[in-house]
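Counting begins at 1 with the first residue of the sequence. Since we're looking at a predicted model, the values are computed, not measured.
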Amino acid sequence: MSDISTDKCGTSCRSTNDAEVLEWRSITHCLYDHNEEGDLSTEITAAVADAEDTSVTTITTSPLFEVVDIFALEELFFGHSVGESTRDCDGQVQFCYRGFRVTVTSAGRITVAEPVREDTSAE
C-alpha cells in the first residue's frame, strides 16, 4: 500500500520532464535505529538505492552530503542528551535526493517518495 502526499518539493526534485508534479507516492520505507550499528546516511542511501532498484555501491554521483547536513539531522533527532535532559522531540525533515523526496522522522522512519506526474497525453 502506498501513501500519497500532495506536498510539493523544491524544483531540485523535479526531473527535466516539463510535466507538473501533482503529488508524491511513497515507494520505500525503512526504520533507522540510532542505537544499533550503522549510520543514518547509509540507511538513507540504501533506501534510495532500493527505490531505484539498484545497489548502494552504484550510487556514486550526487553524494548525500551535498543535499543535506546529515550530521545536523542526526543530532537533531537522535543526538545525545543535554545534561540530565533527554532529547525528546517529534518532527520530520524532507529533502530532495536523486529525484526523490526523502522524509526522515524523529522516530527514525525513512520514506522515499517518487513524483506522480500529470498525464497530459489526454489533452
Determine the minimum heavy-atom distance between [X] and [Y], stating which atoms define it.
| X | Y | value |
| --- | --- | --- |
| Val112 | Ala47 | CG2-CB, 3.7 Å |
| Val102 | Ile44 | CG1-CG2, 4.1 Å |
| Thr111 | Ser26 | CG2-OG, 3.4 Å |
| Glu43 | Cys30 | O-SG, 4.2 Å |

(message) Nearest 0.5 angstrom please: Ser62 OG to Tyr97 OH, how far?
(response) 6.5 Å
(message) What's the separation between atom CG in Asp69 and atom CD in Glu75, rounded to the nearest 0.5 Å?
(response) 10.5 Å
(request) Mind running side chain to side chain contact (heavy atoms under 4.5 Å, CB included) on Phe77 and Val93 for me, showing each step along the way? (result) CA-CA 10 Å; Phe77 289 145; Val93 172; 3.9 Å; yes
Would you indicate whether the side-chain heavy atoms of [Y] and [X] approach each other to under 4.5 Å?
| X | Y | result |
| --- | --- | --- |
| Phe78 | Leu40 | yes |
| Glu52 | Thr58 | no |
| Phe95 | Arg101 | no |
| Leu64 | Glu66 | no |

(message) If we ignore hydrogens and angles and just use 3.5 Å, is the side chain of Thr45 paired with the main-chain N or O of Thr42 as donor and acceptor?
(response) no
(message) Can a donor-acceptor pair be found, under 3.5 Å and without considering hydrogens, that links the side chain of Ser106 to the backbone of Gly91?
(response) yes
(request) Apply the test side chain to side chain contact (heavy atoms under 4.5 Å, CB included) to residues Val116 and Trp24: give CA-CA distance (whole Å), side-chain angles for both, the deciding distance (0.1 Å), then the verdict. (result) CA-CA 6 Å; Val116 177; Trp24 294 85; over 6 Å; no
(message) With no hydrogens and no angle check, just 3.5 Å: does a side-chain donor-acceptor pair link Tyr32 and Glu74?
(response) yes
(message) For the residue pair Gln92 / Thr103, report whether a side-chain donor-acceptor contact shorter than 3.5 Å exists.
(response) no
(request) Please say which of Leu73, Val68, Ile70 ends up in a side chain to side chain contact (heavy atoms under 4.5 Å, CB included) with Val104. (result) Leu73
(message) Quick check on the hydrophobic clustering: are Val56 and Ile110 connected, directly or via other members, by side-chain heavy-atom contacts under 4.5 Å?
(response) no
(request) Check whether Phe71 and Leu76 end up in the same hydrophobic cluster, where Ile, Leu, Val, Met, Phe, Trp and Tyr are linked by side-chain heavy atoms less than 4.5 Å apart. (result) yes
(request) Check whether more than 12 heavy atoms from other residues, nucleotides or ligands sit under 6.0 Å from atom CG of Asp33, and answer yes or no. (result) yes
